[in-house]
Structures are given as C-alpha cells and as structure tokens.
Amino acid sequence: EDPKSERLRRTQTIAALMFQFCGMSFADLAHLEKSALEQSVLRYNRIKTKTPMSVEVLDTARGMINQLRNNQEPIPDCPNYLFDILCSEYQSALRRFNNSLKDLARALRLNSPVSSYTLRHSWATTAKYRGVPIEMISESLGHKSIKTTQIYLKGFELRERTEVNKGNLSYIR
C-alpha cells in the first residue's frame with residue numbers, strides 16, 4: 001500500500017530491502033559500501049559479528065537499490081556508502097528510521113509494533129514457518145550461534161503444533 005508520503009515511501013523501500021536481503025540488519029544496510037555490490041551479489045562483513053556474508057540481489061530489489069543508491073562522488077578517506085542513509089552518526093540514523101517505521105505503520109493502519117528488528121524477526125519467522133532448517137536461517141542472518149537465532153523465532157501456534165502431532169500419529173499408525 002502507498003503511504004502517500006515520500007519520506008514514508010523511502011522508509012518502506014528500506015524496510016523491503018532489509019527483508020529481501022535475508023533479514024539484513026539496519027546497521028549492515030546503512031554501512032554497505034558501493035564495492036559490496038558486484039553484479040547481482042552483495043558481499044559484506046556483518047557490523048556486529050564481522051561474519052562474512054553474501055546475498056544474491058533478487059530481481060524485485062534491483063529497482064529499489066537504484067532508487068536509494070547514493071549517487072554522490074566519493075569523499076577521500078570516507079566510506080563510499082551504497083545508500084544515502086548515514087547523513088549523521090549511526091544511532092541518529094537508527095532512531096530516525098525506527099520513528100519513520102512507526103509513522104509508516106500508523107499510515108498503513110498496522111496494529112503490530114514495528115522496528116528495524118521486527119524485519120529481521122519477521123524474515124526468520126517466515127523462513128521457520130516455511131520449513132527452512134534453523135541452520136540455514138541462522139547462517140542467513142549471520143548469527144554465530146543457533147541459540148541466537150532461536151531467540152528471534154516466534155513459536156508455532158497451537159494449530160500448527162496440533163497438525164504436526166496429528167501427522168506424527170498418523171505416520172506411526
């Protein structure tokens with residue numbers, strides 16, 4: 001849905017990219033350098049863990065990348081960021097983004113609380129519900145431990161557990 005504001009459209013695009021980049025953290029997205037994008041693959045090291053990561057850019061993300069791409073000339077001795085997100089220090093950019101996400105949620109009449117972490121958790125939980133092995137989810141998020149990934153994952157609903165239980169019972173019969 002169109003939030004009918006350029007600022008909120010930009011926020012929506014950043015959020016969509018974070019989800020499409022395997023639940024990439026805001027810190028990692030904000031710090032991506034232009035050199036990280038080679039052909040259709042992003043290669044970078046996670047800010048938090050320094051874990052080397054690679055993510056294939058999906059066709060649906062190409063236009064969004066071009067829309068947000070930083071077209072300014074590089075400044076000597078400064079990072080040449082792919083996106084124009086860090087115009088000041090990181091914490092200010094994160095606070096601004098999270099406030100914009102809340103505004104976006106209000107504009108789209110969403111009832112759930114939204115933050116930059118919600119996007120990572122949503123990506124992980126969606127993968128879990130689709131049956132993706134936790135090892136793949138953990139690796140895709142750049143976690144060093146599966147225990148960290150388990151914190152992210154929302155539990156299954158009673159209905160889903162009941163279906164698994166029925167399936168197990170019918171399997172052994």
Side-chain angles (χ1 to χ4, degrees), residues 1-110 112-127 130 132 136-144 148-149 152:
E1 192 175 329
D2 183 4
K4 298 176 179 61
S5 148
E6 197 53 47
R7 177 180 68 90
L8 296 183
R9 277 189 207 102
R10 176 181 163 78
T11 300
Q12 191 174 43
T13 301
I14 292 170
L17 280 179
M18 289 170 64
F19 191 88
Q20 290 184 56
F21 294 159
C22 296
M24 182 183 281
S25 73
F26 180 76
D28 290 340
L29 185 81
H31 287 96
L32 280 176
E33 295 193 30
K34 289 180 180 175
S35 60
L37 181 60
E38 299 172 20
Q39 321 250 279
S40 62
V41 177
L42 281 170
R43 297 182 200 287
Y44 65 99
N45 291 326
R46 291 242 19 241
I47 295 292
K48 192 173 183 178
T49 62
K50 307 294 184 240
T51 304
M53 301 292 296
S54 58
V55 177
E56 187 169 342
V57 175
L58 304 176
D59 291 341
T60 52
R62 291 179 201 282
M64 292 181 219
I65 290 172
N66 291 333
Q67 180 184 340
L68 294 175
R69 185 183 291 271
N70 173 9
N71 292 317
Q72 297 175 350
E73 288 296 317
I75 299 168
D77 300 324
C78 288
N80 191 9
Y81 293 126
L82 179 59
F83 303 118
D84 190 18
I85 293 174
L86 295 177
C87 53
S88 58
E89 56 99 25
Y90 171 73
Q91 287 301 323
S92 297
L94 177 61
R95 199 169 19 262
R96 204 170 35 257
F97 179 66
N98 279 325
N99 286 332
S100 291
L101 274 176
K102 287 178 183 145
D103 293 343
L104 177 63
R106 269 192 298 279
L108 298 178
R109 295 173 300 286
L110 302 178
S112 302
V114 181
S115 73
S116 61
Y117 286 108
T118 308
L119 300 164
R120 278 177 73 72
H121 290 244
S122 295
W123 187 90
T125 300
T126 300
R130 292 188 47 249
V132 174
M136 175 60 82
I137 296 169
S138 185
E139 188 175 315
S140 297
L141 291 171
H143 290 158
K144 291 201 178 258
T148 305
T149 308
Y152 271 64

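The basis for the numbers below is simple: all heavy atoms, side chains too, and nothing from hydrogens, waters or symmetry mates.
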Mutual orientation of the aromatic rings belonging to Phe26 and Phe97 [parallel < 30°, tilted 30-60°, perpendicular > 60°]: parallel
Any Ser35 side-chain heavy atom under 4.5 Å of Asn80 side chain: no
Lys48 atom NZ, over 12 foreign heavy atoms within 6.0 Å: no
Gap between atom CH2 of Trp123 and atom CD1 of Ile137 - 0.5 Å precision: 6.5 Å
Atom pair CZ (Arg46) and CG (Leu141), whose distance is rounded to the nearest 0.5 Å: 7.5 Å
Student check: side-chain heavy atoms of Ile47 and Tyr90 closer than 4.5 Å: no
Pairwise side-chain contact, Met18 with Thr118, heavy-atom cut-off 4.5 Å (strictly under): no
Side-chain heavy atoms of Asp103 within contact of Thr11, under 4.5 Å: no
Gap between atom CD of Glu33 and atom CG of Leu82 - 0.5 Å precision: 10.0 Å
pair Val114-Leu104: side-chain heavy atoms closer than 4.5 Å: no
Within-4.5 Å side-chain heavy-atom neighbours: Ile65 and Phe21: yes
Residue among Glu139, Lys144, His143 satisfying side-chain hydrogen bond (donor to acceptor under 3.5 Å, both in side chains) with Thr149: His143
Ring center gap for Tyr44 and His31 short of 6.0 angstrom: no
